[in-house]
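Presented below is the structure to which this report refers.
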Amino acid sequence: MKQMILLPSKNDWHVIRDKVASGHADSLSESDTNYLAACTKGANSKQLREAPAPAGANTATIFAKQRAFSLKTSYMTAIARKLLNRKSETVRLPIPQEQNLDEYVAAKFIPYTGKSSRDIASELQVSAAPTAKNYNSSLAFAMLGASKSSISKIEQFSKANISQFKSVTIYPDGLPREHMSFKAITDDQWEEWANPQTTWEQSFVRDFFETSKFLIMVSKSPIPYQSGHDKAKDIFKGAFLWNMPEDDIEQYVKPVWETMHTLLVAHTPLNYGIRGKNLIPGSSFNSVFHLRPHASKGKDNGSAKDRSILPNGEVITKQCFWLDRRYIARIIASNL
């Protein structure tokens, strides 16, 4: 058991230590690492501790949130399943002992950079058609050497809470065509959001972005977007693991949560769908994070599954989180 925990955690410990030692303890996030996390500690974010300041700073120390080492819930769940001899449907990536997960992922994608999706599919014998929704994910997991094309079925990803695969196509203007969406907000999550006792630190919104990592695959289209876009002609630019920086969570995600929390606690009508009166933070709220519909085909089709009933009784089209496409383009530019 001790060896099972120590081996994958060693690199995470170095990541956390190096970030603190370099003067960036204030930007630590649980999703910076894969298995061993630096979780927040204390009743709220106002409880701070001194930490080394960055080189060249005017002061020797900075203040950062209190944190403690913890093994991620996703990792401990996998360990518990193994100890209890529970059957697992996950597959293991063949990661050499001298590589960590991030190094393995980077190394597996490099040989395919610059190749067309059609050539990669042919080389790796990927049978999915370019028109299929899982075409890009099938390519990505084939490049990784995985026998399954679902991120939840990869053991190392599941343990590290690398919970979502995102495929992004960049067009000649340097931008994706669309913002990046996430799962629809559930009724239970709306209830939590409207609870006056819920704090930002306890919120499902913060927890999701604080603890989750994403596998982002990037392709480039040789031509501007048009209907019937042929994904087979796209050029693979690379793929990487990404988590939202703590500073971005606080600067862009938190204000949206606070705005909605205030409205929901007060049972203020959101006026959804009323032009000029809709109070839900949309794409113009800030340049990174907003709420938008997440119904079938992006609109309310009159089906109950496309609607949410808010705690104040208001009926609105299902909503989800979105990251602005310009923000996504900046993420890609800084990682590839």
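In summary, the side chains of Asn136 and Ser167 do present a donor paired with an acceptor at a separation below 3.5 Å, with no hydrogens or angles considered.
Across every non-hydrogen atom of Pro176 and Ile328, the tightest pair is CG-CG2, 4.2 Å. Residues Val218 and Phe236 approach most closely at O-CD1, 3.7 Å, considering heavy atoms. Closest approach of His179 and Leu323 over heavy atoms only: CB-O, 3.3 Å. The minimum heavy-atom distance between Leu270 and Glu314, with the atom names listed, is N-OE1, 2.8 Å. Closest approach of Tyr171 to Pro224, counting heavy atoms only: CD2-C, 3.9 Å. Between Met217 and Ala239, the closest heavy-atom pair is CA-CB, 3.9 Å.
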Show the atom names and distances, to 0.1 Å, of all donor-acceptor pairs under 3.5 Å that link a side chain in residues 272-282 to residues at least two apart or in another chain.
from: Asn278; atom 1: OD1; to: Ile280; atom 2: N; distance (Å): 3.1

Criterion side-chain contact (heavy atoms from CB on, under 4.5 Å) on Val205 and His261, from CA distance to verdict: CA-CA 11 Å; Val205 182; His261 184 58; over 6 Å; no

Intermediate values then yes/no, side-chain hydrogen bond (donor to acceptor under 3.5 Å, both in side chains), Ser137 and Asn134: CA-CA 5 Å; Ser137 63; Asn134 69 336; 5.1 Å; no

Test salt bridge (charged side-chain N to carboxylate O under 4.0 Å, His left out) applied to Arg67 and Glu210, step by step: CA-CA 13 Å; Arg67 291 186 178 268; Glu210 171 76 17; 3.4 Å; yes

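Exactly one residue among Phe214, Phe157, Phe141 makes a ring pair (Phe, Tyr, Trp, His ring centres under 6.0 Å) with Phe165. That residue is Phe141.
Of the possible polar contacts, one joining the Thr198 side chain to the Glu192 backbone as a donor-acceptor pair under 3.5 Å is found. No donor-acceptor distance shorter than 3.5 angstrom exists from the side chain of Gln251 to the backbone of Ile249, with no hydrogens or angles considered. Side-chain atoms of Ser203 come within 3.5 Å of backbone atoms of Trp200 as a donor-acceptor pair (strictly under, hydrogens ignored). Remark: the backbone N or O of Arg118 is not paired with any side-chain donor or acceptor of Ser122 at under 3.5 angstrom. Formation of a donor-acceptor pair under 3.5 Å by the Ser221 side chain with backbone atoms of Ile223 is found in this model.
Using a 4.5 Å cut-off on side-chain heavy atoms (C-beta onward), Ser287 and Asp324 make no contact.
The CG atom of Leu139 lies 8.0 Å from the CG atom of Leu124; values are rounded to the nearest 0.5 Å. Residue Trp257 holds its CH2 atom at 11.0 Å from CZ of Arg206, rounded to the nearest 0.5 Å. The line from NZ of Lys213 to OG of Ser163 is 11.0 Å long, rounded to the nearest 0.5 Å. Interatomic distance, OG1 of Thr169 versus NZ of Lys220, reported as 12.0 Å (0.5 Å rounding). A distance of 8.0 Å separates OH of Tyr135 from NZ of Lys231, quoted to the nearest 0.5 Å.
Scored by the side-chain hydrogen bond (donor to acceptor under 3.5 Å, both in side chains) test, Arg326 finds no partners at all (sequence neighbours excluded).
Annotation: cation-pi pair Lys254/Phe209 absent, no NZ/CZ under 6.0 Å from the ring centroid and within 45° of its normal.
Ring geometry for Phe204 versus Trp193: interplanar angle over 60°, hence perpendicular rather than tilted (30 to 60°). In this structure, Trp322 and His290 have parallel ring planes: the angle between them is below the 30° cut-off, well short of the 60° mark.
Between Phe289 and Tyr252, the ring center distance fails the sub-6.0 Å criterion.
With salt bridges taken as basic N to acidic carboxylate O contacts below 4.0 Å, none links Lys166 and Glu178.
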